[in-house]
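In what follows, every chain begins at residue 1, and chains take the letters A, B, ... in the order their sequences are listed.
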Amino acid sequence: MAYEAKFRVWRGDDSDGELRDYLVEVNEGEVVLDIIHRLQATQTPDLAVRWNCKAGKCGSCSAEINGRPRLLCMTRMSTFTEDETVTVTPMRTFPVVRDLVTDVSFNYTKAREVPSFAPPPGVAPGEYRMLQVDVERSQEFRKCIECFLCQNTCHVVRDHEENKENFAGPRYLMRVAELEMHPLDSADRVAAAQDEHGLGFCNITKCCSEVCPEHIAITDNALIPMKERVADRKYDPIVWLGDKLFRRG
Amino acid sequence: MTSGVGAPTRAKITARTLRTDRWWLPPLMTNLGLLAFVVYATIRSFMGKWYWVGEYGYLTPFYSPCLSDSCLPGASHFGTPLPELPGWVPLGFIALPFLLGFRLTCYYYRKAYYRSVWQSPPACAVAEPHGSYSGETRLPLVVQNAHRYFFYVAVLVSVVNTYDAVVAFTHGLGLGNVILLVNVVLLWAYTVSCHSCRHVVGGRLKHFSKHPVRYRAWTLVSRLNARHMQLAWTTLGTLVLTDLYVMLVASGAISDLRII
Ligand code: SF4
Ligand code: SF4
Ligand code: FES
């Protein structure tokens, strides 16, 4: 059934802004992005919002709904009661451009800081052969849609602007883990995970995993296994000695 | 809050969070749960009595292994290499610090107390109250990386607890046996589901295909590992229940329900 919903949407740019109230029509089966589009069509033609697929696959429409980092296109209106006010703001970790649009270039910078896939010498593209059991673990991480909700929610940078320089964030620490676990990657990424990408900042409080729309077990399957590898290398004298004495695969 | 969500380039929103759900409830419950356990465990560890039911061979895990001459006769399954202890030393003092260390450095408990006790962060997308943050990059928290060593000791203690539970069966069968057994099975499940264990058995390998046995072990541990939080809380509960049962029977407050 159609009803009028109370919406509070953050409007502004990098100099100033505020939450503004709107009454908008909602129909059965709609998602928050539909309502934002209706707002654009009927009341606020200049409302800025980024979106593309409306299917939870492009990762463009990340925002915060009632304070929770979510995809606008994957948040059903049926999860709210009819008299509930739905508050929509841009992601609060990245610089705001206008309204619901943020500048996510932090993430591109961090992505570039991870050295790319390094196949063993002498193996040309097209000659890559690997077994499914070996590549399976890293495939989970390939489900990522680059929505940056995890990067936005991680308190290491969300609550501490100054850490942005030294912390790659869950998405890119997961990228390091993906390559480290990849059967054909020959680079050694363990020390860099701690020293350059800031894995030690993560205190495994799992907010990245909680908000990931792809339900990737970022903390359990990428970050903690990387922390254990770092412990092998840097904090475990016995493993260190073992690795010196015997080569392992 | 000028450094975090209040930083100059970000959307100007003064609220610490706009969450409308009861985000403060889980950290509160965690605090209450942890506090209850710590209070109970401290009192019981220092109590120095009602830890052993000689007639049925029940020994509470809080006093195991009991290795000193102060232990009640029969409670020392591994002999008494240590002399009498002053009254203020808990009789289980050999294992207790390691068990405490195991849980303190456990990846699940870290999450739990970082969120609830230290509020870092109290809940997702709720600004933490601290001005600066270095996480586990340096002392003291970098010590959390020693978790695997506590895991190794915890395995030994689980063996000891298993031995205690098995020895109790030589005295017949009662409800206490069932409780000790269930407790020990769950303790194993919690210990084996540890993230360090998952890494050690196979997670550290690059090519599972070259190590089929370890891959199998890793798969099993991974399955348990997904339940690590539930096991962490369940075992706190069973530890208290087991100890409470032994205490009540040992003090004569209740009598053991005998099956055989
Ligand atoms: S688990 Fe680590 S990376 Fe993920 S949100 Fe928490 S601190 Fe950030
Ligand atoms: S890991 Fe999940 S939350 Fe993070 S960017 Fe990828 S899809 Fe989004
Ligand atoms: S519009 Fe593509 S993920 Fe929402």
Side-chain angles (χ1 to χ4, degrees), chain A residues 10 12 14 16-19 64 66-69 84 87 89-96 102-103 131 133-134 136-137 152-153 155-156 158-163 180-181 183 194 198 200-207 210-211 217 219-220 224-225 227-232 234-236 248-249, chain B residues 1-5 7-13 15 17-21 23 107-108 110-111 114-115 118 120-121 123-128 130-138 141-142 144-149 195-196 198-200 203-211 215 222 225-226 228:
Chain A
W10 194 85
D14 59 350
D16 211 358
E18 60 178 2
L19 286 165
E64 300 191 9
N66 283 352
R68 308 186 77 145
E84 193 171 347
T87 307
T89 72
M91 291 191 278
R92 293 180 67 184
T93 299
F94 310 123
V96 70
T102 51
D103 171 3
L131 291 168
V133 281
D134 292 338
E136 210 148 57
R137 261 185 306 179
N152 169 54
T153 314
H155 70 115
V156 175
R158 185 182 176 94
D159 295 341
H160 305 281
E161 180 77 22
E162 68 281 6
N163 287 340
E180 182 58 34
M181 291 174 189
Q194 186 85 347
F201 280 99
C202 166
N203 67 352
I204 52 166
T205 36
K206 287 199 174 181
C207 286
E210 229 173 83
V211 299
T219 319
D220 283 351
I224 293 176
K227 278 190 177 252
E228 285 293 316
R229 282 170 166 77
V230 168
D232 274 351
K234 297 178 71 110
Y235 306 108
D236 188 332
R248 306 191 189 219
Chain B
M1 275 212 318
T2 50
S3 88
V5 285
T9 55
R10 308 196 194 180
K12 306 252 170 331
I13 300 168
T17 181
L18 290 168
R19 278 181 69 162
T20 50
D21 58 331
W23 56 263
Y107 286 92
Y108 167 67
R110 272 144 77 179
K111 173 199 169 198
Y114 285 147
R115 277 200 189 196
W118 194 241
S120 179
C124 304
V126 177
E128 60 182 30
H130 310 286
S132 69
Y133 173 87
S134 59
E136 300 181 342
T137 53
R138 49 172 126 110
L141 292 180
V142 72
Q144 306 279 27
N145 284 301
H147 183 52
R148 56 186 58 185
Y149 283 101
H195 287 272
S196 290
R198 187 181 184 217
H199 175 74
V200 170
R204 72 192 302 274
L205 299 170
K206 189 133 178 151
H207 297 97
F208 283 149
S209 56
K210 291 187 194 157
H211 307 267
Y215 175 56
S222 297
N225 179 262
H228 198 48

I'd like to know which of [options] tops the heavy-atom pair count under 4.5 Å against chain A.
options: B/Glu136, B/Arg148, B/Arg198; value: B/Arg148
options: B/Ala226, B/Ala146, B/Gly203; value: B/Gly203
options: B/Cys124, B/Ala123, B/Gly135; value: B/Cys124
options: B/Asp21, B/Asn225, B/Leu141; value: B/Asp21
options: B/His228, B/His147, B/Arg19; value: B/Arg19

Mind checking the SG-NZ spacing from A/Cys207 to B/Lys111? Nearest 0.5 Å is all I need.
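It comes to 8.0 Å.
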Need one label for [X]: side chain, backbone, both or neither, based on atoms under 4.5 Å from any heavy atom in chain A.
X: B/Val126; answer: backbone
X: B/Tyr108; answer: neither
X: B/Ser222; answer: neither
X: B/Arg138; answer: neither
X: B/His199; answer: side chain

In terms of heavy-atom proximity below 4.5 Å to chain B, should [X] be classed as side chain, backbone, both, or neither?
X: A/Thr205; answer: both
X: A/Thr219; answer: neither
X: A/Phe201; answer: both
X: A/Glu210; answer: side chain
X: A/Asp16; answer: both
X: A/Ile204; answer: both
X: A/Pro90; answer: side chain

Main chain of [Y], side chain of [X]: is a donor-acceptor contact present, judged purely on distance under 3.5 Å?
X: A/Asn152; Y: A/Arg92; answer: yes
X: A/Asp159; Y: B/Glu128; answer: yes
X: B/Lys12; Y: A/Asp14; answer: yes
X: B/Lys206; Y: A/Glu180; answer: yes

Top contributor to chain B contacts, counting heavy-atom pairs under 4.5 Å, from [options]:
options: A/Leu131, A/Asn163, A/Asp236, A/Thr153; result: A/Asp236
options: A/Val230, A/Val156, A/Asn66; result: A/Asn66
options: A/Glu18, A/Met181, A/Arg137; result: A/Arg137
options: A/Gly17, A/Pro225, A/Cys202, A/Pro183; result: A/Pro183
options: A/Asp232, A/Asp103, A/Thr87; result: A/Asp232

Pair A/Glu162, B/Ser3 - check side chain to side chain contact (heavy atoms under 4.5 Å, CB included), show working.
CA-CA 7 Å; A/Glu162 68 281 6; B/Ser3 88; 3.7 Å; yes
Parallel, tilted or perpendicular: which one describes the rings of B/Trp118 and B/His130, with boundaries at 30° and 60°?
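Plane angle under 30°, so parallel.
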Is the A/His160 ring parallel, tilted or perpendicular to the B/Tyr133 ring (thresholds 30°, 60°)?
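Taking B/Tyr133 first and then A/His160, their aromatic rings lie parallel (interplane angle under 30°).
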Below 4.0 angstrom, N of the basic side chain to O of the carboxylate: do A/Glu64 and B/Arg10 qualify?
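No, no charged N to carboxylate O under 4.0 Å.
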Are A/Asp220 and A/Lys206 close enough for a salt bridge, meaning some N to O gap below 4.0 Å?
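Yes, A/Asp220 and A/Lys206 are salt-bridged.
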Taking it one step at a time, do A/Tyr235 and A/Gln194 satisfy side chain to side chain contact (heavy atoms under 4.5 Å, CB included)?
CA-CA 12 Å; A/Tyr235 306 108; A/Gln194 186 85 347; 3.2 Å; yes
Without hydrogens or angle criteria, can the side chains of A/Glu228 and B/Tyr107 be said to hold a donor-acceptor pair below 3.5 Å?
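Side chains of A/Glu228 and B/Tyr107: pair found under 3.5 Å.
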So B/Ser209 and B/Tyr215, side chain to side chain contact (heavy atoms under 4.5 Å, CB included) or not? Walk me through it.
CA-CA 8 Å; B/Ser209 56; B/Tyr215 175 56; over 6 Å; no
